[in-house]
K.L.:
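Below is one structure. I have some questions about it.
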Amino acid sequence: MNVTKTLDATGLACPMPIVKTKKAMKDIEAGDVLEIQATDQGAKADLTAWAKSGGHELLQTEEDNGVFKFWIKKGE
Amino acid sequence: MTVKNMTVKEITNKVLNNEELFLLDVRTEDAYQDWKIEGKNFSYLNVPYFDLLDGVEEIVDQLPKDSEISVVCAKGGSSQMVAEMLDEEGFENVYSVEGGMKAWSEHLEPIKISDLKDGGELYQFVRIGKGCLSYMVVSNEEAAIIDSTRMTDVYVDFAKKLGVKITNVFDTHLHADHISGGRTIAELTGATYWLPPEDAGEVTFEYKPLRDGDNVTVGNTNIDINALYSPGHTKGSTSFVVDDQYLMTGDILFIDSIGRPDLAGKADDWVMDLRETLYTRYKDLSDELIVLPAHFMIMEELNEDGTVAEKLGTLFEKNHGLNIDNQDEFRKMVTEDLPPQPNAYQEIRETNMGKINPENEEQREMEIGPNRCAVR
(Lines give C-alpha, C1' and ligand atoms only; values in the text may rest on other atoms or scores of the structure.)
Protein backbone atom coordinates (compact mmCIF):
# COMPACT_ATOMS: atom_id res chain seq x y z
CA MET A 1 0.00 0.00 0.00
CA ASN A 2 1.20 3.47 -0.87
CA VAL A 3 0.93 5.55 2.26
CA THR A 4 1.00 9.29 1.60
CA LYS A 5 1.06 10.41 5.20
CA THR A 6 1.27 8.85 8.64
CA LEU A 7 -0.42 10.27 11.69
CA ASP A 8 0.71 9.32 15.17
CA ALA A 9 -2.28 9.63 17.48
CA THR A 10 -1.04 7.17 20.08
CA GLY A 11 -1.65 8.15 23.66
CA LEU A 12 -4.41 10.55 22.66
CA ALA A 13 -7.90 10.20 24.05
CA CYS A 14 -11.14 10.81 22.27
CA PRO A 15 -11.89 13.18 20.47
CA MET A 16 -8.27 13.97 19.56
CA PRO A 17 -7.55 11.01 17.21
CA ILE A 18 -10.45 12.07 14.98
CA VAL A 19 -9.72 15.79 15.29
CA LYS A 20 -6.15 15.14 14.10
CA THR A 21 -7.25 12.68 11.42
CA LYS A 22 -9.65 15.21 10.00
CA LYS A 23 -6.93 17.83 9.92
CA ALA A 24 -4.42 15.47 8.31
CA MET A 25 -6.93 14.54 5.63
CA LYS A 26 -7.05 18.17 4.54
CA ASP A 27 -3.34 17.98 3.67
CA ILE A 28 -3.66 15.07 1.26
CA GLU A 29 -5.35 14.65 -2.13
CA ALA A 30 -8.36 12.50 -3.02
CA GLY A 31 -7.19 8.93 -3.56
CA ASP A 32 -4.21 9.35 -1.21
CA VAL A 33 -3.89 7.04 1.78
CA LEU A 34 -3.49 8.20 5.37
CA GLU A 35 -2.12 5.82 7.97
CA ILE A 36 -3.31 6.48 11.53
CA GLN A 37 -1.89 4.96 14.66
CA ALA A 38 -3.94 5.19 17.84
CA THR A 39 -4.18 3.56 21.22
CA ASP A 40 -7.65 4.72 22.23
CA GLN A 41 -10.00 1.72 22.37
CA GLY A 42 -12.85 3.77 20.98
CA ALA A 43 -10.86 4.85 17.92
CA LYS A 44 -11.81 1.84 15.83
CA ALA A 45 -15.58 2.29 15.90
CA ASP A 46 -15.27 6.06 15.68
CA LEU A 47 -12.83 6.14 12.76
CA THR A 48 -14.89 3.56 10.90
CA ALA A 49 -18.06 5.61 11.32
CA TRP A 50 -16.28 8.88 10.62
CA ALA A 51 -14.69 7.59 7.39
CA LYS A 52 -18.07 6.34 6.21
CA SER A 53 -19.88 9.58 6.96
CA GLY A 54 -17.12 11.62 5.31
CA GLY A 55 -17.10 9.55 2.13
CA HIS A 56 -13.64 8.10 2.76
CA GLU A 57 -12.71 4.47 2.47
CA LEU A 58 -11.30 2.52 5.40
CA LEU A 59 -8.99 0.13 3.58
CA GLN A 60 -7.55 -1.89 6.40
CA THR A 61 -7.14 -2.06 10.17
CA GLU A 62 -4.59 -3.86 12.27
CA GLU A 63 -3.80 -4.27 15.95
CA ASP A 64 -0.22 -4.59 17.02
CA ASN A 65 0.76 -4.64 20.69
CA GLY A 66 -2.05 -2.36 21.77
CA VAL A 67 -1.58 0.04 18.86
CA PHE A 68 -4.40 0.20 16.34
CA LYS A 69 -3.44 1.02 12.78
CA PHE A 70 -5.87 2.31 10.21
CA TRP A 71 -5.44 3.04 6.53
CA ILE A 72 -7.96 5.45 5.10
CA LYS A 73 -8.22 6.46 1.45
CA LYS A 74 -9.42 9.98 1.00
CA GLY A 75 -12.71 10.34 -0.87
CA GLU A 76 -13.52 12.78 -3.67
CA MET B 1 -13.81 28.03 28.88
CA THR B 2 -14.67 24.96 30.91
CA VAL B 3 -18.22 23.74 31.08
CA LYS B 4 -19.88 22.21 34.09
CA ASN B 5 -19.83 18.48 34.56
CA MET B 6 -22.80 16.38 35.52
CA THR B 7 -21.94 13.23 37.45
CA VAL B 8 -23.53 9.86 36.79
CA LYS B 9 -24.78 9.99 40.38
CA GLU B 10 -26.73 13.16 39.53
CA ILE B 11 -28.14 11.51 36.41
CA THR B 12 -29.14 8.48 38.47
CA ASN B 13 -31.09 10.75 40.80
CA LYS B 14 -32.86 12.28 37.81
CA VAL B 15 -33.78 8.82 36.55
CA LEU B 16 -35.08 7.70 39.94
CA ASN B 17 -37.04 10.93 40.46
CA ASN B 18 -38.47 10.82 36.93
CA GLU B 19 -37.05 14.26 36.20
CA GLU B 20 -36.70 15.68 32.72
CA LEU B 21 -33.37 15.90 30.98
CA PHE B 22 -32.26 16.49 27.41
CA LEU B 23 -29.42 14.18 26.44
CA LEU B 24 -27.23 14.98 23.47
CA ASP B 25 -25.46 11.68 22.82
CA VAL B 26 -22.41 12.28 20.62
CA ARG B 27 -21.35 8.63 20.16
CA THR B 28 -21.78 6.84 16.84
CA GLU B 29 -25.27 5.89 15.77
CA ASP B 30 -24.53 2.19 16.28
CA ALA B 31 -23.32 2.70 19.83
CA TYR B 32 -26.36 4.85 20.60
CA GLN B 33 -28.83 2.37 19.13
CA ASP B 34 -27.19 -0.44 21.06
CA TRP B 35 -27.22 1.17 24.50
CA LYS B 36 -27.99 4.55 26.00
CA ILE B 37 -28.93 6.29 29.23
CA GLU B 38 -32.58 5.48 29.82
CA GLY B 39 -34.89 7.78 31.75
CA LYS B 40 -38.67 7.93 31.74
CA ASN B 41 -38.75 11.65 31.03
CA PHE B 42 -35.52 12.01 29.12
CA SER B 43 -35.40 13.33 25.56
CA TYR B 44 -32.62 12.55 23.15
CA LEU B 45 -30.65 13.69 20.17
CA ASN B 46 -27.87 11.56 18.71
CA VAL B 47 -25.25 13.28 16.55
CA PRO B 48 -21.71 11.83 16.49
CA TYR B 49 -19.10 14.28 17.79
CA PHE B 50 -17.08 13.96 14.59
CA ASP B 51 -19.95 15.51 12.65
CA LEU B 52 -19.73 18.54 14.92
CA LEU B 53 -16.02 19.30 14.63
CA ASP B 54 -16.66 22.21 12.28
CA GLY B 55 -19.37 23.66 14.47
CA VAL B 56 -22.67 23.00 16.15
CA GLU B 57 -24.77 25.43 14.07
CA GLU B 58 -26.58 22.59 12.35
CA ILE B 59 -28.04 21.19 15.54
CA VAL B 60 -28.80 24.29 17.60
CA ASP B 61 -32.38 24.37 16.32
CA GLN B 62 -32.93 20.85 17.66
CA LEU B 63 -31.83 21.72 21.19
CA PRO B 64 -33.95 23.20 23.99
CA LYS B 65 -33.01 26.79 24.78
CA ASP B 66 -34.02 26.99 28.42
CA SER B 67 -33.74 23.53 29.94
CA GLU B 68 -30.72 21.48 30.93
CA ILE B 69 -28.76 19.72 28.23
CA SER B 70 -26.32 16.96 29.10
CA VAL B 71 -23.82 15.90 26.49
CA VAL B 72 -22.63 12.32 26.76
CA CYS B 73 -20.01 10.29 24.90
CA ALA B 74 -18.06 7.10 25.57
CA LYS B 75 -15.62 8.40 28.16
CA GLY B 76 -16.25 12.10 28.68
CA GLY B 77 -13.68 13.68 26.35
CA SER B 78 -15.77 14.39 23.27
CA SER B 79 -18.79 15.40 25.31
CA GLN B 80 -16.71 18.10 26.96
CA MET B 81 -15.62 19.43 23.59
CA VAL B 82 -19.18 19.55 22.26
CA ALA B 83 -20.49 21.05 25.51
CA GLU B 84 -17.91 23.83 25.25
CA MET B 85 -18.98 24.54 21.69
CA LEU B 86 -22.60 24.78 22.78
CA ASP B 87 -21.62 27.01 25.66
CA GLU B 88 -19.97 29.36 23.18
CA GLU B 89 -23.15 29.33 21.10
CA GLY B 90 -24.95 30.76 24.11
CA PHE B 91 -26.45 27.67 25.70
CA GLU B 92 -26.25 28.31 29.42
CA ASN B 93 -27.42 25.04 30.95
CA VAL B 94 -25.02 22.71 29.20
CA TYR B 95 -23.24 19.93 31.06
CA SER B 96 -20.80 17.24 30.07
CA VAL B 97 -21.48 13.83 31.61
CA GLU B 98 -18.34 13.13 33.61
CA GLY B 99 -16.71 9.84 32.58
CA GLY B 100 -19.34 9.24 29.86
CA MET B 101 -20.99 5.88 29.28
CA LYS B 102 -18.12 4.13 31.02
CA ALA B 103 -18.89 5.87 34.28
CA TRP B 104 -22.58 5.30 33.65
CA SER B 105 -21.94 1.60 33.22
CA GLU B 106 -20.01 1.44 36.48
CA HIS B 107 -22.21 3.49 38.79
CA LEU B 108 -23.73 1.53 41.67
CA GLU B 109 -26.58 2.96 43.69
CA PRO B 110 -27.12 1.18 47.03
CA ILE B 111 -30.79 1.20 48.05
CA LYS B 112 -32.17 -0.33 51.22
CA ILE B 113 -34.78 -2.98 50.50
CA SER B 114 -35.83 -3.61 54.06
CA ASP B 115 -34.95 -4.41 57.65
CA LEU B 116 -34.52 -8.06 58.46
CA LYS B 117 -35.18 -10.02 61.64
CA ASP B 118 -33.31 -8.95 64.76
CA GLY B 119 -31.94 -5.73 63.35
CA GLY B 120 -30.51 -7.07 60.10
CA GLU B 121 -30.72 -5.13 56.84
CA LEU B 122 -30.92 -5.94 53.16
CA TYR B 123 -29.49 -3.67 50.46
CA GLN B 124 -29.81 -3.82 46.71
CA PHE B 125 -26.99 -2.30 44.66
CA VAL B 126 -28.54 -1.05 41.44
CA ARG B 127 -26.08 -0.83 38.57
CA ILE B 128 -28.43 1.40 36.72
CA GLY B 129 -26.52 1.80 33.44
CA LYS B 130 -26.09 -1.88 32.83
CA GLY B 131 -29.09 -3.30 34.65
CA CYS B 132 -27.12 -5.48 37.07
CA LEU B 133 -28.35 -6.02 40.62
CA SER B 134 -26.28 -7.21 43.55
CA TYR B 135 -27.08 -7.56 47.22
CA MET B 136 -25.69 -7.12 50.70
CA VAL B 137 -27.26 -8.94 53.62
CA VAL B 138 -26.21 -7.43 56.94
CA SER B 139 -26.70 -8.85 60.40
CA ASN B 140 -24.84 -8.57 63.70
CA GLU B 141 -21.75 -6.92 62.32
CA GLU B 142 -21.43 -9.42 59.49
CA ALA B 143 -22.27 -9.05 55.82
CA ALA B 144 -22.84 -11.38 52.89
CA ILE B 145 -22.67 -10.19 49.29
CA ILE B 146 -24.51 -11.79 46.40
CA ASP B 147 -23.64 -11.35 42.71
CA SER B 148 -21.18 -8.51 43.20
CA THR B 149 -19.89 -6.48 40.28
CA ARG B 150 -16.20 -5.80 39.67
CA MET B 151 -16.52 -2.39 41.39
CA THR B 152 -15.45 -4.10 44.60
CA ASP B 153 -14.50 -0.88 46.45
CA VAL B 154 -18.14 0.13 46.59
CA TYR B 155 -19.11 -2.95 48.63
CA VAL B 156 -16.01 -2.92 50.81
CA ASP B 157 -16.45 0.79 51.61
CA PHE B 158 -20.16 0.37 52.20
CA ALA B 159 -19.52 -2.48 54.67
CA LYS B 160 -16.90 -0.35 56.40
CA LYS B 161 -19.35 2.51 56.71
CA LEU B 162 -21.91 0.19 58.28
CA GLY B 163 -19.22 -1.19 60.57
CA VAL B 164 -19.71 -4.77 59.37
CA LYS B 165 -17.29 -7.46 58.25
CA ILE B 166 -17.86 -9.23 54.94
CA THR B 167 -17.77 -12.94 55.75
CA ASN B 168 -19.47 -14.63 52.81
CA VAL B 169 -19.60 -13.84 49.11
CA PHE B 170 -21.87 -15.68 46.66
CA ASP B 171 -22.48 -15.82 42.96
CA THR B 172 -25.79 -17.36 41.93
CA HIS B 173 -24.13 -18.61 38.75
CA LEU B 174 -21.14 -18.05 36.49
CA HIS B 175 -21.97 -14.69 34.93
CA ALA B 176 -21.67 -14.03 31.21
CA ASP B 177 -22.61 -10.37 31.02
CA HIS B 178 -20.41 -8.83 33.71
CA ILE B 179 -17.21 -9.57 35.55
CA SER B 180 -17.82 -10.79 39.06
CA GLY B 181 -16.09 -9.07 41.95
CA GLY B 182 -16.69 -12.09 44.18
CA ARG B 183 -13.22 -13.51 44.10
CA THR B 184 -11.54 -10.12 44.65
CA ILE B 185 -13.78 -9.26 47.59
CA ALA B 186 -13.09 -12.66 49.16
CA GLU B 187 -9.36 -12.08 48.74
CA LEU B 188 -9.55 -8.56 50.18
CA THR B 189 -11.64 -9.48 53.20
CA GLY B 190 -10.89 -13.12 53.90
CA ALA B 191 -14.53 -13.98 53.23
CA THR B 192 -15.61 -17.36 51.90
CA TYR B 193 -16.42 -17.35 48.16
CA TRP B 194 -19.26 -19.71 47.27
CA LEU B 195 -20.04 -20.88 43.74
CA PRO B 196 -22.39 -23.55 42.42
CA PRO B 197 -20.06 -26.45 41.49
CA GLU B 198 -21.88 -27.25 38.22
CA ASP B 199 -20.87 -23.81 36.91
CA ALA B 200 -17.38 -23.91 38.37
CA GLY B 201 -15.95 -26.96 36.62
CA GLU B 202 -13.31 -24.92 34.87
CA VAL B 203 -12.47 -22.29 37.48
CA THR B 204 -8.81 -21.92 38.32
CA PHE B 205 -9.12 -20.69 41.91
CA GLU B 206 -10.31 -21.95 45.29
CA TYR B 207 -14.00 -21.64 46.09
CA LYS B 208 -16.49 -23.31 48.35
CA PRO B 209 -19.12 -25.35 46.51
CA LEU B 210 -22.67 -24.25 47.16
CA ARG B 211 -25.21 -27.06 46.94
CA ASP B 212 -28.96 -27.38 47.07
CA GLY B 213 -30.13 -27.18 50.67
CA ASP B 214 -26.95 -25.55 51.99
CA ASN B 215 -27.62 -23.04 54.70
CA VAL B 216 -25.31 -20.13 55.46
CA THR B 217 -25.88 -17.93 58.47
CA VAL B 218 -24.96 -14.25 58.48
CA GLY B 219 -24.24 -12.87 61.93
CA ASN B 220 -25.33 -14.82 64.95
CA THR B 221 -29.00 -14.18 64.63
CA ASN B 222 -29.81 -16.57 61.83
CA ILE B 223 -30.39 -14.59 58.70
CA ASP B 224 -30.45 -17.76 56.70
CA ILE B 225 -29.37 -17.95 53.11
CA ASN B 226 -30.88 -21.14 51.75
CA ALA B 227 -29.56 -22.41 48.47
CA LEU B 228 -32.17 -23.70 46.05
CA TYR B 229 -30.79 -25.43 42.99
CA SER B 230 -32.53 -23.81 40.04
CA PRO B 231 -30.81 -24.64 36.75
CA GLY B 232 -31.80 -23.21 33.39
CA HIS B 233 -29.81 -20.05 32.67
CA THR B 234 -26.69 -22.06 33.45
CA LYS B 235 -26.36 -25.63 34.64
CA GLY B 236 -25.46 -24.55 38.16
CA SER B 237 -27.80 -21.58 38.64
CA THR B 238 -28.79 -21.44 42.28
CA SER B 239 -31.39 -19.26 43.99
CA PHE B 240 -31.34 -18.11 47.59
CA VAL B 241 -34.11 -17.75 50.09
CA VAL B 242 -33.01 -15.04 52.50
CA ASP B 243 -34.59 -14.57 55.91
CA ASP B 244 -37.60 -16.67 54.81
CA GLN B 245 -38.86 -13.57 52.98
CA TYR B 246 -36.78 -12.95 49.89
CA LEU B 247 -36.07 -15.09 46.84
CA MET B 248 -32.90 -14.13 45.01
CA THR B 249 -33.45 -15.60 41.57
CA GLY B 250 -30.14 -14.76 39.90
CA ASP B 251 -30.65 -14.83 36.12
CA ILE B 252 -33.49 -17.35 36.19
CA LEU B 253 -36.47 -15.10 36.80
CA PHE B 254 -36.70 -11.33 36.32
CA ILE B 255 -39.59 -8.96 36.89
CA ASP B 256 -40.78 -8.74 33.30
CA SER B 257 -38.86 -11.55 31.65
CA ILE B 258 -37.10 -14.86 32.28
CA GLY B 259 -33.51 -16.03 31.93
CA ARG B 260 -32.11 -17.15 28.61
CA PRO B 261 -30.55 -20.60 28.50
CA ASP B 262 -28.04 -20.09 25.71
CA LEU B 263 -25.15 -18.02 27.09
CA ALA B 264 -23.15 -21.00 28.20
CA GLY B 265 -23.83 -22.60 24.83
CA LYS B 266 -26.44 -25.18 25.81
CA ALA B 267 -29.83 -23.67 25.01
CA ASP B 268 -31.46 -26.88 23.84
CA ASP B 269 -30.15 -28.93 26.76
CA TRP B 270 -31.26 -26.50 29.41
CA VAL B 271 -34.71 -25.53 28.21
CA MET B 272 -36.39 -28.22 30.27
CA ASP B 273 -34.25 -27.39 33.32
CA LEU B 274 -35.38 -23.79 33.00
CA ARG B 275 -39.01 -24.84 32.67
CA GLU B 276 -38.77 -27.22 35.63
CA THR B 277 -37.22 -24.48 37.79
CA LEU B 278 -39.78 -21.83 36.87
CA TYR B 279 -42.92 -23.92 36.61
CA THR B 280 -42.30 -26.52 39.34
CA ARG B 281 -39.56 -25.56 41.81
CA TYR B 282 -40.58 -21.89 42.09
CA LYS B 283 -44.29 -22.78 41.93
CA ASP B 284 -43.86 -24.81 45.12
CA LEU B 285 -42.55 -21.76 46.99
CA SER B 286 -44.67 -19.28 48.90
CA ASP B 287 -46.36 -16.64 46.74
CA GLU B 288 -45.44 -14.13 49.44
CA LEU B 289 -41.70 -14.35 48.78
CA ILE B 290 -40.28 -11.15 47.32
CA VAL B 291 -38.31 -11.86 44.16
CA LEU B 292 -34.94 -10.08 43.93
CA PRO B 293 -33.36 -10.77 40.54
CA ALA B 294 -29.78 -10.21 39.35
CA HIS B 295 -30.90 -7.95 36.49
CA PHE B 296 -33.45 -5.62 35.11
CA MET B 297 -33.79 -4.97 31.39
CA ILE B 298 -36.13 -1.99 31.14
CA MET B 299 -36.70 0.99 33.39
CA GLU B 300 -40.35 -0.05 33.88
CA GLU B 301 -39.06 -2.88 36.07
CA LEU B 302 -37.90 -0.36 38.68
CA ASN B 303 -40.20 0.41 41.59
CA GLU B 304 -40.82 4.00 42.62
CA ASP B 305 -38.00 3.95 45.17
CA GLY B 306 -35.57 2.64 42.55
CA THR B 307 -35.55 -0.94 43.83
CA VAL B 308 -36.25 -3.94 41.64
CA ALA B 309 -38.43 -6.33 43.65
CA GLU B 310 -41.84 -7.95 43.30
CA LYS B 311 -43.87 -10.68 44.99
CA LEU B 312 -43.48 -14.12 43.47
CA GLY B 313 -47.28 -14.46 43.36
CA THR B 314 -47.54 -11.27 41.31
CA LEU B 315 -44.94 -12.54 38.86
CA PHE B 316 -46.85 -15.79 38.42
CA GLU B 317 -49.83 -13.64 37.43
CA LYS B 318 -48.11 -11.05 35.27
CA ASN B 319 -44.78 -12.30 33.91
CA HIS B 320 -45.39 -13.67 30.43
CA GLY B 321 -42.52 -16.15 30.75
CA LEU B 322 -44.27 -17.86 33.67
CA ASN B 323 -47.52 -18.21 31.79
CA ILE B 324 -46.79 -20.32 28.75
CA ASP B 325 -48.73 -23.55 29.17
CA ASN B 326 -47.53 -25.17 26.00
CA GLN B 327 -44.08 -26.73 26.36
CA ASP B 328 -43.19 -26.41 22.69
CA GLU B 329 -44.15 -22.77 22.69
CA PHE B 330 -41.93 -22.27 25.74
CA ARG B 331 -39.04 -24.05 24.04
CA LYS B 332 -39.48 -21.89 20.99
CA MET B 333 -39.54 -18.68 22.98
CA VAL B 334 -36.30 -19.36 24.86
CA THR B 335 -34.30 -20.85 22.00
CA GLU B 336 -35.40 -19.01 18.86
CA ASP B 337 -35.07 -15.35 17.91
CA LEU B 338 -33.04 -14.57 21.01
CA PRO B 339 -31.70 -11.06 21.49
CA PRO B 340 -28.01 -10.54 20.64
CA GLN B 341 -25.62 -11.99 23.19
CA PRO B 342 -23.91 -9.65 25.65
CA ASN B 343 -20.73 -7.96 24.48
CA ALA B 344 -17.63 -10.19 24.87
CA TYR B 345 -19.66 -12.77 26.82
CA GLN B 346 -17.20 -15.59 26.19
CA GLU B 347 -14.26 -13.54 27.46
CA ILE B 348 -16.33 -12.45 30.44
CA ARG B 349 -17.08 -16.08 31.32
CA GLU B 350 -13.40 -16.96 31.02
CA THR B 351 -12.47 -14.02 33.24
CA ASN B 352 -14.98 -15.18 35.84
CA MET B 353 -13.42 -18.65 35.71
CA GLY B 354 -10.00 -17.14 36.32
CA LYS B 355 -8.74 -18.44 32.96
CA ILE B 356 -7.84 -14.99 31.67
CA ASN B 357 -6.88 -11.91 33.64
CA PRO B 358 -7.52 -8.80 31.53
CA GLU B 359 -6.30 -5.37 32.65
CA ASN B 360 -8.78 -3.04 34.26
CA GLU B 361 -9.24 -0.95 31.12
CA GLU B 362 -9.90 -4.07 29.07
CA GLN B 363 -12.45 -5.30 31.60
CA ARG B 364 -14.32 -2.01 31.20
CA GLU B 365 -14.38 -2.42 27.43
CA MET B 366 -15.62 -6.00 27.74
CA GLU B 367 -18.59 -4.86 29.80
CA ILE B 368 -19.73 -2.11 27.43
CA GLY B 369 -23.41 -2.33 26.58
CA PRO B 370 -26.58 -3.65 28.20
CA ASN B 371 -26.74 -7.00 30.01
CA ARG B 372 -29.03 -9.01 27.70
CA CYS B 373 -29.53 -11.99 29.95
CA ALA B 374 -33.27 -12.29 29.46
CA VAL B 375 -35.95 -13.35 27.03
CA ARG B 376 -39.35 -11.72 27.06
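Each chain gets a letter, A, B and so on, in the order its sequence line appears, and its residues count up from 1. Because the structure is a prediction, the values reported are computed rather than measured.
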K.L.:
Has E29(A) got more than 12 heavy atoms of other residues, nucleotides or ligands less than 6.0 Å from its CD?
P.N.:
no
K.L.:
Is it true that atom CD of E57(A) has more than 12 heavy atoms of other residues, nucleotides or ligands lying nearer than 6.0 Å?
P.N.:
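Yes, enclosed.
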K.L.:
So what's closer than 4.5 Å to chain A heavy atoms on D30(B): side chain, backbone, both or neither?
P.N.:
neither
K.L.:
Rounded to the nearest 0.5 Å, how far does CD of Q41(A) lie from NZ of K102(B)?
P.N.:
6.5 Å
K.L.:
Calculate, to the nearest 0.5 Å, the distance between atoms CG and OG belonging to D46(A) and S78(B) respectively.
P.N.:
7.0 Å
K.L.:
Return the OG1 to CG distance between T28(B) and L47(A), rounded to the nearest 0.5 Å.
P.N.:
11.5 Å
K.L.:
Do other residues, nucleotides or ligands put more than 12 heavy atoms under 6.0 Å from the CD atom of E89(B)?
P.N.:
yes
K.L.:
Out of V82(B), I368(B), D54(B), V26(B), return the one with the most heavy atom pairs under 4.5 angstrom to chain A.
P.N.:
D54(B)
K.L.:
Based on non-hydrogen pairs under 4.5 Å, which of D40(A), T21(A), T48(A) is most in contact with chain B?
P.N.:
D40(A)
K.L.:
Can you tell me if E58(B) has over 12 outside heavy atoms packed within less than 6.0 Å of its CD?
P.N.:
no
K.L.:
Within a radius of less than 6.0 Å around NZ of K44(A), do more than 12 heavy atoms belonging to other residues, nucleotides or ligands occur?
P.N.:
no
K.L.:
If you draw a 6.0 Å radius around CG in D157(B), do more than 12 non-hydrogen atoms from other residues or ligands fall strictly inside?
P.N.:
yes
K.L.:
Do you know which of P15(A), S53(A), C14(A) makes side-chain contact (heavy atoms from CB on, under 4.5 Å) with F50(B)?
P.N.:
S53(A)
K.L.:
Below 4.5 Å from any heavy atom of chain B, which atoms of A13(A) appear? Answer side chain, backbone, both or neither.
P.N.:
neither
